[in-house]
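Following: one structure in structure tokens, then a few remarks.
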2 protein chains.
Amino acid sequence: MTQSQQDEPKRHRARRSVKRKMRLADVARHAGVSEATASRAINRPELVRQEVRERVARVIQELSYVAHGAARALASDRTHSIGLIVPTLRTAVFAESAEILQQALNRSGYHLIIASSEYDKAREFHEVRALLQHGIDGMVLVGHDHAPELWQLLETSGLPFVTAFQYASDSPYPCIGVDNCQEFYDATRFLINLGHTNIGVLTAETHSNERLAARVEGARACIADHDLPKPDVIEVPSTLTDARQGLRRLVERKPHVTAVACTNDLMAFGALAECRTLGIEVPEQLSVIGFDDLDIAEHTQPSLTTIRLPLAEQSRRVGEYLLARIEGRDGASSTKLKASFIVRESTGRPPEPAKADAQRGGQDSGPVQTPSAKRRARSAAE
Amino acid sequence: MTQSQQDEPKRHRARRSVKRKMRLADVARHAGVSEATASRAINRPELVRQEVRERVARVIQELSYVAHGAARALASDRTHSIGLIVPTLRTAVFAESAEILQQALNRSGYHLIIASSEYDKAREFHEVRALLQHGIDGMVLVGHDHAPELWQLLETSGLPFVTAFQYASDSPYPCIGVDNCQEFYDATRFLINLGHTNIGVLTAETHSNERLAARVEGARACIADHDLPKPDVIEVPSTLTDARQGLRRLVERKPHVTAVACTNDLMAFGALAECRTLGIEVPEQLSVIGFDDLDIAEHTQPSLTTIRLPLAEQSRRVGEYLLARIEGRDGASSTKLKASFIVRESTGRPPEPAKADAQRGGQDSGPVQTPSAKRRARSAAE
DNA sequence: TTAATTTCTGCAAACGCTTTCATTCATTTG
DNA sequence: CAAATGAATGAAAGCGTTTGCAGAAATTAA
């Protein structure tokens, strides 16, 4: 029995693609080194003599060798992928964060695998299982409100993970994000400082959205702290149409409301749109604030006073933390980020009591954004 | 030398997590079958006796065994992940598509790995390489405009792939999407049918966005086909601020423009905002159409006439095609999808010549959206 | 009953890489 | 100059699955 020309081990099943893929063995052979050395030339170059290192690199080029991710993952127990589970990518804030995180990880040779839960805990748990099974080196979750099995699974798996978008000082797990309650408290105080005493809250459903719930809580707390009457809180499905209807209910039920704090920009846009329809002047008759600072916020009529999350920083820190954990170092865990308060045209002094009840304010009311208001705004942003 | 209690092979290096993970061998042992059978019970249940199948399933439950993705991938040459490269997730249309695709793949046990190119071909090529190396079973690209090396790489790798968001009858590769040129041609015809003879085009940069370029081309073609003078085409960076400026340039340079066809909703929103600022009544003095039908399109003042892509269908088909290819069947390749034309308030008849030059039209001009206009709109949508 | 199928199962060989350990070789050091 | 140290390399043992093949068991046919 003669030795075959190439001493390749014979495949015991057909490869999917016709042309045989180059393997590390091929690289090694062409470079005249062992597989071990070839591998090291790739992964730990400092362990290999420069001359050899270059030779291997050249051969890799020539053969256009591409390492086999799965084999590498199996041998090294590192998949170089990170899982991210967001409620939905349809929300700009999550999409943008995913994008930034993906870019950041990319620079470190990691990939981002995205799954969405649609605000459903069971579904989220299922996704975590699936990701775990697929093999990931780390995981990012949104917020703290998850199925108990999920926490347990994460813990027993020993997988590095972090939660984002909500800081909680009492969280037993690492989290990176703003304190939504605090931020909205400050925003509400901004309104109160402007002179508003009757503030309504318009929010999308808080049931499975702890961030929104925290914001509502912040508004409530601030209003209570200033000895003002408990605010009307209207909760509607997360669509513009519902937001408009919500605004209507708010002004109907409480004719005296002079400011509406919306827990996100979507709600605020709905409010603004409905005000236009109802002939309510913003901010002369009603002040409106949002949360998120979506691109359009600057271009609505009037432009929207809102709160901007430090998404880039959040994603950066999430990436850093995870990579640190993966590589054995352990980075600073929970981090509280600060949002920025953006004052635009949709907020101003409350109307004079006399005017408050008039359905349409006069056109003559001048600019309401007084210097002192601006100053207060700034302080609220800190 | 006595046999150790468990005949487990001893690990030659420390596992990352403390508690040993369950492996298929454990499942097999507990179920009293071989690894092979255990594996089959999981992957090809029809090959094992029901009784055994159930036993294995039970053991898996009890041990909370989770298969090792990398090992599985190495042995089966299937990673169960699909790569998607979009220009950016910051664009709602791409984010939404990614979301839908991810959900669809999920149901079939696949994961979606997302990367973004930022409209940069070199970067895109790099991402493809990275994904290929990571190991994916299929890939989705946006459009046809890619680096030549990318096509080559894809071809030699033999990876199933498909392009989306733009149908091209002459593409040598499978693509699934609408014909952007055709769709915008129809939209332009809608304006012409309303009586507009002087139509401006406002678009974001077309340099590395073939979809926008195709839309502009569609508008040009339609206008030429109707023997109207060549349109002014203003191209601006993709921000609302620039869009507003673009609108201004458009109405300044050509005072007679009575309609602006925007190649996406972002541009249209900018146009609408600027019209408000300039005191131009829409649609009385100027008609505006967009493309994408973003959520807010329905709630702008006036609401925006625009075009909606069949994103769900596109994603569904992309998923189906890829899975078919992966499993060896080959599904229908290129598919042309149809968008829907959504007529709202931002389009109407052009102003009477006398009024056309007046900077502010009378408030008294009634509803312009005549029944016949509506009828035409419908036909344009087919 | 035996032979011929068909259905299940187990053995063991991949899958393509990483990494431990031992070895070789070139340098230092005493 | 021998011994000790350090730097580079290679051999080979995994990593945890899947799957071709062959044999065993169960079923059917004759």
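Close to D/dG10, at under 4.0 Å from its OP1 or OP2, lies a side-chain N or O of A/S34. Side-chain nitrogen and oxygen atoms of A/R72 include at least one within less than 4.0 Å of the OP1 or OP2 phosphate oxygen of C/dT18.
One atom, CZ of B/R78, and another, C1' of D/dT19, lie 13 Å apart when rounded to the nearest Å. A/R23 has its CZ atom 11 Å from the P atom of C/dA14, to the nearest Å. Rounded to an integer number of Å, the gap from CZ of A/R40 to C1' of D/dG10 is 7 Å. With rounding to whole Å, A/H134 atom NE2 is found 15 Å from D/dG16 atom C1'. Nucleotide C/dG16 holds its C1' atom 16 Å from the CG atom of A/D77, rounded to whole Å. Here D/dA8 presents its P atom at 11 Å from CD of A/Q50, a figure rounded to the nearest Å. Across the protein-nucleic acid pair, A/I42 atom CD1 and C/dG16 atom P stand 15 Å apart, rounded to whole Å. Residue A/Q133 contributes atom CD, which lies 9 Å from atom P of D/dT17 at whole-angstrom precision.
Relative orientation of the A/W151 and A/H146 rings is perpendicular, given thresholds of 30° and 60° on the angle between their planes.
Two residues, A/A36 and A/L47, neighbour DNA chain D, and the one matched to the more 5' nucleotide by heavy-atom proximity is A/L47. Both A/A71 and B/E46 lie close to DNA chain C; mapped to their nearest nucleotides by heavy-atom distance, the more 5′-ward contact belongs to B/E46.
Inspection of the A/T88 and A/E118 side chains reveals no N or O donor paired with an N or O acceptor under 3.5 Å.
Considering only the side chain of A/T37, D/dG10 comes nearest among D/dT19, C/dT9, D/dG10. Candidate nucleotides C/dT9, D/dT19, D/dG16 were compared by shortest atom distance to the side chain of B/L74, and D/dG16 ranks first. In this structure, of D/dT9, C/dT18, D/dT17, it is D/dT9 that holds the atom nearest to the side chain of A/V48.
Listed for the A/T91 side chain is no donor-acceptor partner under 3.5 Å among the backbone atoms of A/F94. Distance alone, capped at 3.5 Å, places no donor-acceptor pair between the B/D137 side chain and the B/R78 backbone.
Applying side chain to side chain contact (heavy atoms under 4.5 Å, CB included) to B/E313 and the options B/L337, B/T335, B/I100 leaves one that passes, B/L337.
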